[in-house]
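Computed from heavy atoms alone, side chains included, the values below leave out hydrogens, waters and symmetry copies. Being a predicted model, the structure only gives us computed values, none of them experimental. Labels below follow one simple rule: chain letters A, B, ... track the order of the sequence lines, proteins then strands, and each chain is numbered from 1.
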Amino acid sequence: MQLAANTGRMVKVEIIRQDTQGGTSYTQKFEVPYRHGMNVISILMEIQKNPVTADGQKTTPVSWDMNCLEEVCGACSMVINGRPRQSCSTLVDQLTEPIRLEPMKTFPVIRDLQVDRERMFNALKKVKAWVPIDGTYDLGEGPRMPEGKRQWAYELSKCMTCGVCMEACPNVSEKASFIGPAPLSQVRLFNTHPTGAMIKDQRLNAIMGDGGLANCGNSQNCVAACPKGIPLTTSIASLNRAATVQMFRNFFGSDHFVD
Amino acid sequence: MSKEREFLWRRLHSLLGVLPVGLFLVFHLSMNFTAVGGEQTYNDSIGMMELIPHPLLLVMEWVIIYIPLMFHAFYGVYIAFTATTNTGRFSTYRNWMFTLQRFTGVFLVVFIAWHIFQTRIQKALGASVEYNMIKDIVDNPLMLAFYIVGILSATFHLSNGLWAFLVSWGITQSPQSQKIATYVTNIIFVILSIAGVVAILSFV
Ligand code: SF4
Ligand code: FES
């Protein structure tokens, strides 16, 4: 297959590798045959077929994560030429060479380009990023959502937990406890949903805990980096207002908090 | 720091930076500006502070300045050092402001400590704070440069902090309102900086 479309051109790649979790990282250079329309994942597949470095040394195949191959699952995120993005939707033709691939180091690196995004999933659990519909009896239909709001909410719901905004954020790292932009925006999404809003005080109180909303330092890198164009900083500012109200409500309010 | 109190500490940090610390900075720079009118005007205007009974002045200093300033400074240093600045990879305007806010903050802790030592502590040790005291300080060109950088850091940190305050309390939410707030706070920065630098130069 590779021969069929062989143009003779080689693509230069530099990859930051790491053999074990917590191990030391090192750089390896590769050259892979160019094919028309190649994405970064097809480079990694070439290396997997023929794990030999640019200077002819045999090595182990580079490991990475992927799933949907159409920028909706978020699994394949990595730092490509300094920018965190999806390796499936990043085309070689749009990159300057040598193409430099690094893991998103804001997360624990499992191996090579594979990272553990568990802190994001834990954060979604912490903020109850779902619509609660379970009861001991049939709860019936929920309230209807206005169409305009549904269209707006759809944009926020495009988040694929890819971690790009977390990598871009200067306040998210292993040395800091900040929950990060993506789970915060999900709070705004589920607090807007008519059924989800039934526990909105619980979500607000969750992000008013340690490492929560107030740890945002307004660098606004997240909104610039998000591949889905999610208005993360507007979400954060809007939650800031909701949290201001909730703060006073918690202290001065009466015995019920929702609305 | 007790558990689940971080939100309150951060909001307090944001609030104290504007009130009273930011307000005090504006007052302080206004007093300094009277030096433009010459030695007599300056001495007269800071002499007004002496009209406040000494014990009351001490209470005011601690409540309005030292306690809020120390909390803002030390908690701010903690915030600054938990950040991993990345303007190399994300060189947007806001990310630069984020980084500069942290650099000026850390620098201001050093500058203000030195400034308090050179003026307020000397006063407590018997020196009198007046025109000539400041003149002697800024006679040294290195000190003058240090003071100018200190003043500019303070005016930047306040005006950019005001922008962040508006976001942190949920006042400016839309990108449009945040952009207008950027213009307004930049104008505040320019005005305060000119006033501050002109004042210190009039001691030279
Ligand atoms: S908000 Fe955007 S960048 Fe962040 S995880 Fe979701 S899709 Fe990725
Ligand atoms: S493989 Fe799913 S986003 Fe790239």
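- Residue-environment remark: CD (Glu118(A)) stays at or below the threshold of 12 foreign heavy atoms within 6.0 Å.
- Residue-level contacts of residues 99-114 of chain B with chain A, in order of numbering, are Arg102(B); threshold 4.5 Å between heavy atoms.
- One finds the OG1 atom of Thr234(A) at 6.5 Å from the CD atom of Gln178(B) (value rounded to the nearest 0.5 Å).
- Within 6.0 Å of atom CH2 in Trp96(B), 12 or fewer heavy atoms from other residues, nucleotides or ligands are found, so the atom counts as exposed in its surroundings.
- When all heavy atoms of Thr82(B) and Lys175(A) are compared, the pair lying nearest together is O-CE, 3.6 Å.
- Scanning both residues, Ala168(A) and Phe90(B), for their nearest heavy atoms gives CB-CZ, 3.5 Å.
- Using a 4.5 Å heavy-atom threshold, the side chains of Asn86(B) and Pro170(A) count as touching.
- In this structure, Tyr154(A) places its OH atom where only 12 or fewer heavy-atom neighbours from other residues, nucleotides or ligands lie under 6.0 Å away.
- For Tyr183(B), the OH atom is loosely surrounded, since the number of other residues' heavy atoms within 6.0 Å does not exceed 12.
- With rounding to the nearest 0.5 Å, the separation of CH2 in Trp9(B) from CG in Asp210(A) is 11.5 Å.
- Contact annotation for residues 96-113 of chain A against chain B (heavy-atom separation below 4.5 Å): no residues qualify.
- Residue Ser219(A) comes nearest to Thr92(B) through the heavy atom pair O-OG1, 4.4 Å, listed as atom of the first residue, atom of the second, then distance.
- Within residues 154-171 of chain B, the residues having any heavy atom closer than 4.5 Å to a heavy atom of chain A are Trp163(B), Ala164(B), Val167(B), Ser168(B), Trp169(B), Gly170(B), Ile171(B), listed by residue number.
- The residue among Asn215(A), Thr244(A), Thr233(A) with the most heavy atom pairs within less than 4.5 Å of chain B is Asn215(A).
- More than 12 heavy-atom neighbours from other residues, nucleotides or ligands sit within 6.0 angstrom of CH2 on Trp130(A).
- For a residue to count as touching a neighbouring chain, one of its non-hydrogen atoms must lie under 4.5 Å from one of that chain's; by this rule Ser14(B) does not touch chain A.
- A donor-acceptor contact shorter than 3.5 Å links the side chain of Arg83(A) to the backbone of Arg89(B).
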Worksheet item: Run the side-chain contact (heavy atoms from CB on, under 4.5 Å) check on Gln173(B) and Asn240(A) step by step: do they pass?
Response: CA-CA 9 Å; Gln173(B) 292 188 36; Asn240(A) 275 332; over 6 Å; no
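- Within the 4.5 angstrom heavy-atom criterion, only backbone atoms of Phe81(B) (N, CA, C, O) approach chain A.
- Taken to the nearest 0.5 Å, the CZ atom of Arg94(B) stands 7.5 Å off from the CG atom of Asn218(A).
- The contact between Glu167(A) and chain B is made by backbone and side chain atoms together, counting heavy-atom distances below 4.5 Å.
- Heavy atoms of Ser173(A) lying under 4.5 Å from chain B belong exclusively to its side chain.
- Within 6.0 Å of CZ in Phe121(A) there are more than 12 heavy atoms belonging to other residues, nucleotides or ligands.
- Close approach to chain B, defined as a heavy atom under 4.5 Å from one of its heavy atoms, is seen in Gln220(A), Asn221(A), Ala225(A) of residues 220-232 of chain A, taken by number.
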